Amino acid sequence: MNFKISVVRDIAAVKADCLVLGGFSDREHWPDSVPAALAEQLDMLRDGGDLSAKPGQSVWIYQPRDISSKRILVIGCGNSEEWNASAYREFLDGCAGALQNSPVKSAAIALPAEVPGQDDAWQASQLATTLTAASYRYDATRSEVEPPPRLRSVTLVRASKGGQAALKQGLREGHAIGNGVLLARELGDLPGNVCTPEYLAQRARKLARGQQRVTTTILNEKQMESLGMGALLSVSHGSSQPARLITIEYRGGDEKAAPVVLVGKGITFDSGGISLKPGAKMDEMKYDMCGGASVIGVMQALVELQADINVVGIIPASENLPSGAATKPGDVVTSMSGLTIEILNTDAEGRLVLCDALTYAKKYKPAAVIDIATLTGACIVALGNHNSGLLGNNQPLADQLLEAGRNSGDGAWQLPLGAAYQKQLKSNFADMANIGGPAAGTITAACFLSRFTEDYHWAHLDIAGVAWRQGDNKGATGRPVPLLMEYLLHTSS
Ligand code: BES
Ligand code: MN
Ligand code: ZN
């Protein structure tokens, strides 16, 4: 998708397949570039009640008189007094939905109004992310493919010249984030027999090809063994797919600036292992690498932007299957940190691969470490499919991530850690158990991780409820790529 900016006094002169305007149900004012005759026609639309439903509804006008574009698409913005970031997002979703299902190849969009608390660059970025991500089609393993999206070019139409640099930067950022979301979605949706640990490693390698600022390193099982990663390696004992530890280093900032490290859970299929999961919906456990996919999506976006920051992505990639060689309940393994773990449930495998990756992260002397994982079903019970669960050992970092969630529309909600919960991990036969009982499952999972993150500022995002959709629209969402990008570019310090 191609985004540009055009400054025009009169929107009637813009030649596109479609002009897109936002319309409030109550407001008398249209963007400055809308000429009087068109404004009159649009007033009738509003007064006739066609814009009175909730934001996002669409009205098409074909072959409008005295307008150079073929069509006008009016997207409802709701009541102007309730106009805010989430109404703006509904406006954008309405645009994306209507345009995707139309023959429109080029659209010229006039932004409806300032969004309280947000600037123009933010508006442009949100727009570009939404329209880019909406072009997603999964066709890797289908013979009957959907027709490709027709929308190719989007022009932001402005009445005045000011502030173009910020808008341009916003569009650039949004486009890169949208592409990162597309990549994360594709990796998530690929089946487990295609998207194996080695496959993820190859996709990560591809990111570095021809890129000065990117280095990808892949550790095999032997190399992990010599580092003492007994927890990570225990997960794939039952699988014929060997585990991989993928590291993607992006160096765009000051040589001496400490990097942010992102650690993404990369279980390419989670059967539960010997603690086998029930059969229903087990296919969805191909999505258990969505944390890792979001890290790859973020790294790609940083490359596209050539961002001037340092970020390291680490993905412990592994497959959790039962077999005669599989790790059993009661087995004790030694992690890279030296701490021993009694594996009481082989289905609590995410924390086992993460804990060694988190210990490994120390070598980068990180400014902060954020892990991203489809870690617990309990997180879906607590927060549903709306917010990621957020826990950590540093409140300023947690606050920055919460703020990034609000700004990006890719929200997170904090849950507590604490000594009372830590006690649930007690084991009689090792330094800790890998499960903490049925109560507070998301918190005890994070408590487990916290024991490996004491040397740096750390936050954990449990994305079990947000990484994919179920049912008729089953598919990966690409979350939390927008949250992470917003954090890295705007709210980290
Ligand atoms: N990948 C799952 C968590 C999960 C389950 C995410 C369903 C999304 C939907 C994870 O590895 C897991 O199995 N966790 C267990 C932990 C339990 C054994 C302590 C869970 O949540 O049931
Ligand atoms: Mn599991
Ligand atoms: Zn899992």
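Not measured: the values here are computed from a predicted model. Counting convention: from 1, in listed order, for ligands and their atoms alike.
- Around CD of Q212, the count of heavy atoms belonging to other residues, nucleotides or ligands within 6.0 Å does not exceed 12.
- In this structure the side chain of T141 reaches within 4.5 angstrom of the side chain of P191, judged on heavy atoms.
- For the side-chain hydrogen bond (donor to acceptor under 3.5 Å, both in side chains) with E319, the lone residue among S240, S236, S239 that qualifies is S239.
- By the 30° and 60° cut-offs, the orientation of the rings of Y360 relative to Y364 is perpendicular.
- Contact residues of ligand 1 (protein heavy atom closer than 4.0 angstrom to a ligand atom; sorted by chain and number): K265, D270, K277, M285, D288, N345, D347, E349, R351, T374, L375, T376, G377, I380, I435, A464, W468.
- Environment of CG in D254: crowded, with over 12 heavy atoms of neighbouring residues, nucleotides or ligands closer than 6.0 Å.
- With no hydrogens or angles considered, a side-chain donor-acceptor pair links N407 and Q118 at under 3.5 Å.
- For a distance threshold of 2.8 Å, the protein N, O or S atoms nearer than that to the Mn ion (ligand 2), listed by chain and number, are D270 OD2, D347 O, D347 OD1, E349 OE1.
- A ring pair (Phe, Tyr, Trp, His ring centres under 6.0 Å) check over residues 283-335, counting only residues at least two apart or in different chains, returns the pairs Y287-W468.
- Of the N and O atoms on the side chains of N320 and S271, not one donor lies less than 3.5 Å from an acceptor on the other residue.
- Judged by distance alone, the side chains of E403 and H490 never bring a donor and an acceptor atom under 3.5 Å apart.
- S318 pairs in a side-chain contact (heavy atoms from CB on, under 4.5 Å) with only one of the listed residues (V235, L245, D270, T268), which is V235.
- Q202 and E198 share a donor-acceptor pair across their side chains, judged by distance under 3.5 Å alone.
- The local environment of CZ in R137 is crowded, with over 12 non-hydrogen atoms from other residues, nucleotides or ligands closer than 6.0 Å.
- Side chain to side chain, E486 and S408 fail the donor-acceptor criterion of an N or O pair below 3.5 Å.
- If you count the protein N, O or S atoms nearer to the Zn ion (ligand 3) than 2.8 Å, you get 4.
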